[in-house]
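Residues take their numbers from the sequence shown, with the count starting at 1. Just so you know, these numbers use all the heavy atoms, side chains as well, and skip hydrogens, waters and symmetry mates.
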Amino acid sequence: MDTATTAATATDSRASQPPPANAGPAVPKPRAKRARETTDGGKKVAARPPHKVRKLVPPRPFPTVPTSVSATGPRSAHTEGKNYICITRRTELGAYLRRCKDVFLKDGYKTLHLSAMGAAIPHLMQLALSLPPILPFPQDEIHTEVLTGTVEVQDELVPDDEDEDISYRTRGKSTVSVVIRIGDGEDEPAADKAKGKARKNNVGRAAAKAAPAQGGAKKSARAPEQLVYREDEMDET
């Protein structure tokens with residue numbers, strides 16, 4: 001047996017031996033993070049961000065409350081603008097499905113406008129695919145239109161030095177709008193609105209009828225008579 005054969009046999013025997021019992025699992029060593037360095041006069045100095053980035057609220061595609069509705073009133077009193085919904089990741093998909101279904105069935109709308117921005121776009125796509133199967137309308141009457149776009153948003157750059165002024169930068173952000181129409185897309189008045197109007201009309205008519213009756217009753221009512229006693233009558237009594 002030559003020297004090469006002996007070395008190969010020894011290597012195979014080492015590889016086949018089990019690891020010692022007290023040896024733990026092999027843990028990879030963490031890689032040390034290398035800080036970005038810049039040269040300043042021949043010396044290496046760790047680079048620090050010159051400012052802090054504060055993202056501002058992006059503009060909404062449509063107002064939260066329509067201009068024809070009081071913004072300070074309760075949400076239950078809002079009858080217009082319910083078919084315009086902004087999609088965010090904070091709300092679950094099931095809540096959006098119930099809300100969109102009520103827009104078609106309870107509020108009587110035939111057109112639904114959905115909008116999402118940035119990271120909420122996948123949430124909107126999932127909603128647009130899950131909503132038509134649960135609607136009680138023929139699938140050939142449900143039309144979905146998808147529009148893509150870009151909106152400009154601003155970031156606030158706050159410098160570390162308090163003497164410096166705050167600056168702003170503009171960047172683009174992707175947006176997706178989905179329009180779902182039922183049939184021709186013409187909205188129908190909801191049953192609740194019609195009932196509310198009829199109830200108001202009945203109340204107004206009843207008040208108008210009661211007003212003349214109350215006026216006649218007031219006229220027919222006589223004022224109480226005043227009794228005046230003279231001094232001689234009071235002495236006798």
Side-chain angles (χ1 to χ4, degrees), residues 31 33-36 38 47-72 75 78-160 164-187:
R31 299 176 102 187
K33 295 182 179 180
R34 294 181 57 188
R36 291 182 297 176
T38 57
R48 294 182 58 188
H51 49 256
K52 297 179 182 179
V53 180
R54 184 183 301 165
K55 296 181 179 180
L56 302 180
V57 179
R60 295 178 62 90
F62 28 79
T64 307
V65 181
T67 55
S68 59
V69 180
S70 175
T72 58
R75 187 177 182 85
H78 297 172
T79 57
E80 299 180 5
K82 289 186 176 181
N83 58 333
Y84 289 87
I85 302 176
C86 291
I87 306 301
T88 63
R89 293 184 297 170
R90 293 190 296 269
T91 306
E92 297 181 356
L93 179 63
Y96 278 128
L97 288 174
R98 289 190 295 270
R99 183 177 175 184
C100 295
K101 189 176 180 179
D102 291 343
V103 167
F104 287 114
L105 300 182
K106 294 183 179 181
D107 299 326
Y109 288 100
K110 296 298 182 182
T111 305
L112 177 63
H113 301 266
L114 305 174
S115 179
M117 184 183 305
I121 292 178
H123 202 46
L124 171 59
M125 293 292 99
Q126 189 176 4
L127 174 62
L129 294 175
S130 304
L131 182 60
I134 67 173
L135 295 177
F137 302 107
Q139 295 299 314
D140 56 350
E141 293 186 2
I142 302 177
H143 308 284
T144 304
E145 181 181 358
V146 180
L147 304 174
T148 60
T150 305
V151 65
E152 292 185 353
V153 297
Q154 289 187 343
D155 297 336
E156 203 173 52
L157 306 180
V158 182
D160 295 336
E164 297 182 6
D165 296 334
I166 298 176
S167 57
Y168 298 89
R169 72 178 181 187
T170 304
R171 56 186 174 88
K173 201 169 186 179
S174 302
T175 59
V176 172
S177 299
V178 176
V179 182
I180 300 177
R181 292 186 176 87
I182 306 299
D184 53 2
E186 294 182 0
D187 298 334

Measure the spacing between SG of Cys100 and CG of Asp107 and express it to the nearest 0.5 Å.
11.0 Å
Which is it for Leu157 and Arg169 under the side-chain contact (heavy atoms from CB on, under 4.5 Å) test, yes or no, and what are the steps along the way?
CA-CA 7 Å; Leu157 306 180; Arg169 72 178 181 187; 4.0 Å; yes
State whether the side chain of Tyr96 and the backbone N or O of Thr88 hold a donor-acceptor pair below 3.5 Å, judged by distance alone.
yes
Enclosure of Arg90 CZ (heavy-atom neighbours >12, cutoff 6.0 Å):
no
What distance do Leu127 atom CG and Leu114 atom CG have between them, rounded to the nearest 0.5 Å?
5.5 Å
Side-chain touch Met125/Val178, heavy atoms, less than 4.5 angstrom
yes
Short side-chain to backbone donor-acceptor contact, Asp155 and Val53, under 3.5 Å:
no
More than 12 heavy atoms of other groups within 6.0 Å of Glu152 CD:
no
Mind checking the NZ-NZ spacing from Lys106 to Lys82? Nearest 0.5 Å is all I need.
9.5 Å
From Asn83 atom CG to Asp102 atom CG, the distance as rounded to the nearest 0.5 Å:
13.5 Å
Can you give me the closest heavy-atom contact between Gly81 and Tyr109, atom names plus distance?
N-OH, 3.7 Å
Would Glu141 and Lys110 satisfy side-chain contact (heavy atoms from CB on, under 4.5 Å), going step by step from the backbone distance to the final call?
CA-CA 11 Å; Glu141 293 186 2; Lys110 296 298 182 182; over 6 Å; no
Tell me whether Arg60 at atom CZ has more than 12 heavy atoms from other residues, nucleotides or ligands lying less than 6.0 Å away.
yes
CD1 on Ile121 to CZ on Arg89, rounded to 0.5 Å
11.0 Å
Minimum-distance pair of heavy atoms, taken over all atoms of Ser130 and Ile134:
O-CG2, 3.9 Å
Would Thr144 and Leu131 count as a side-chain contact (heavy atoms from CB on, under 4.5 Å) if you check the C-alpha gap in whole Å, the side-chain angles of each, and the deciding distance to 0.1 Å?
CA-CA 10 Å; Thr144 304; Leu131 182 60; over 6 Å; no
Below 30° counts as parallel, above 60° as perpendicular, anything between as tilted: where do the rings of Phe104 and Phe137 land?
perpendicular
Determine whether Thr148 and Thr175 make a side-chain contact, defined as any pair of heavy atoms from C-beta on separated by less than 4.5 Å.
no
For Glu156 and Leu56, indicate whether the former's side chain and the latter's backbone hold a donor-acceptor pair under 3.5 Å.
no
Is there a side-chain contact (heavy atoms from CB on, under 4.5 Å) between Ile85 and Leu112 once you walk through the steps?
CA-CA 8 Å; Ile85 302 176; Leu112 177 63; 4.1 Å; yes
Enter the distance from Ser115:OG to Tyr84:OH here, rounded to the nearest 0.5 Å.
11.5 Å
Just wondering, do Pro58 and Val151 contact through their side chains at under 4.5 Å, heavy atoms?
no
Using atom types as modelled and distance alone, determine if a side-chain donor or acceptor of Ser177 lies under 3.5 Å from a backbone N or O of Leu147.
no
